[in-house]
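Step one of this worksheet: look at the structure below.
For ligands, and for the atoms within them, numbers begin at 1 and follow the listed sequence. Sequential numbering from 1 along the given sequence is applied to the chain's residues.
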Amino acid sequence: MSIVVPVYNEQPNIEKFYEEATKAAVTLDMDYEIIFVDDGSKDATPLILSRLTQQDEHVRAFILARNFGHQLAITCGMDHALGDAVITMDGDLQHPPSMIPELVQKWREGNDVVQTIREATDDAGFLKRMTSKWYYRILNAVSPVHITPGGSDFRLIDKRVLETFKQFREHDRFIRGLIGDIGYTQTFIH
Ligand code: UDP
Ligand code: MG
């Protein structure tokens with residue numbers, strides 16, 4: 001299992017993320033790697049990553065030459081993933097590592113894509129809920145590619161999907177749209 005994590009100025013969160021992701025990964029009963037992609041951080045993120053790669057052979061790190069943005073940082077990690085499946089997730093703990101076994105379970109049941117969906121919470125605030133709702137409404141009205149509301153880049157994809165995904169080389173990309181439209185057997189976790 002490859003776990004791909006883009007990080008930009010995540011100095012306060014990386015070690016906690018690493019601990020929680022490791023705790024989840026060791027329960028999987030399979031070999032795993034955690035691939036961090038540093039997206040041009042200006043804090044101690046690359047230093048922490050360098051130390052983690054020395055401490056733990058499960059950790060790999062790519063340090064990008066400058067900030068390229070979340071989507072390209074994820075792409076870098078996906079391009080280098082070696083697993084039979086790849087999980088992408090944020091490094092700021094907004095995507096709970098404790099959910100990793102549930103994603104893997106759905107994959108073992110035969111799903112090629114396991115997409116998580118963020119539940120709207122009351123604490124999101126009125127403005128955030130309204131702008132989010134209309135964002136997806138308008139996007140889906142103007143584009144033939146359906147984008148699931150509340151989707152995120154916290155998902156698992158099988159290696160077969162990864163191989164197809166790698167053939168898309170757009171620089172300015174919206175991975176949610178590419179994966180949502182890629183086919184294969186897809187399922188969702190709320
Ligand atoms: N991130 C990145 N490059 C950027 C901005 C963010 O790699 O230019 C990383 C960030 O460290 C985090 C993930 O991408 O792990 C999501 O970013 P953020 O938390 O800012 O997004 P949001 O929570 O607002 O969706
Ligand atoms: Mg975040």
Within a strict 4.5 Å, meaning less than it, do heavy atoms of the H146 and T148 side chains meet?
yes

Residues E20, K16: salt bridge by 4.0 Å N-O rule:
yes

Side chains of M89 and P97: does their closest heavy-atom pair fall under 4.5 Å?
yes

With heavy-atom distances below 4.0 Å as the criterion, list the atoms of ligand 1 near D90.
13 (C), 15 (O), 16 (C)

Taking C-beta and beyond as the side chain, do F17 and V7 meet within less than 4.5 Å on heavy atoms?
no

Look up atom CG in L139 and atom CH2 in W134, then write down how far apart they are to the nearest 0.5 Å.
13.5 Å

Hey, are E163 and R160 close enough for a salt bridge, meaning a charged N less than 4.0 Å from a carboxylate O?
no

What residue and heavy atom of the protein are closest to atom 22 (P) of ligand 1, and at what distance?
Q94 OE1, 4.2 Å

Sequence neighbours excluded and cut-off under 3.5 Å, please list the side-chain donor-acceptor pairs for residues 59-73, or say none.
residue: R60; atom: NH1; partner: E33; partner atom: OE1; Å: 2.8
residue: R60; atom: NH1; partner: H80; partner atom: O; Å: 3.0
residue: N67; atom: ND2; partner: D39; partner atom: O; Å: 3.0
residue: N67; atom: ND2; partner: D39; partner atom: OD2; Å: 3.1
residue: H70; atom: NE2; partner: D90; partner atom: OD1; Å: 3.3
residue: Q71; atom: OE1; partner: I175; partner atom: N; Å: 2.8
residue: Q71; atom: NE2; partner: D153; partner atom: OD2; Å: 2.8

Quick one: are T45 and F36 in side-chain contact, heavy atoms under 4.5 Å?
no

Would you give the length of the straight line joining atom OG1 of T75 to atom CG of L178, rounded to the nearest 0.5 angstrom?
8.5 Å

Environment of the Mg ion (ligand 2) in terms of protein N/O/S atoms, cut-off under 2.8 Å:
D92 OD2, Q94 OE1

Under 4.0 Å, heavy atoms only, figure out whether ligand 1 is touched by the backbone of D39, its side chain, both or neither.
side chain

Going by distance only, is there an N or O of P6 that falls short of 3.5 Å from an N or O of ligand 1?
yes

In terms of residue, atom name and distance, what is the protein heavy atom nearest to atom 5 (C) of ligand 1?
Y8 CD2, 3.8 Å

N9 (side chain) donor-acceptor with S41 (main chain) under 3.5 angstrom:
no

My question is simple, although I want it checked carefully: is atom 24 (O) of ligand 1 less than 4.0 angstrom from any protein heavy atom?
no

Going by the order shown, which atoms of ligand 1 are within less than 4.0 Å of some heavy atom of G91?
15 (O)

Heavy-atom distances under 4.0 Å decide this one: backbone, side chain, both or neither, for N67 against ligand 1?
side chain

Please compare E10, H70, M89 and report which has the shortest non-hydrogen distance to atom 14 (O) of ligand 1.
H70

Would you mind reporting whether F154 and L103 have side-chain heavy atoms less than 4.5 Å apart?
yes

Considering heavy atoms of the protein only, find what lies nearest to atom 18 (P) of ligand 1 and give residue, atom and distance to 0.1 Å.
D92 OD2, 4.1 Å

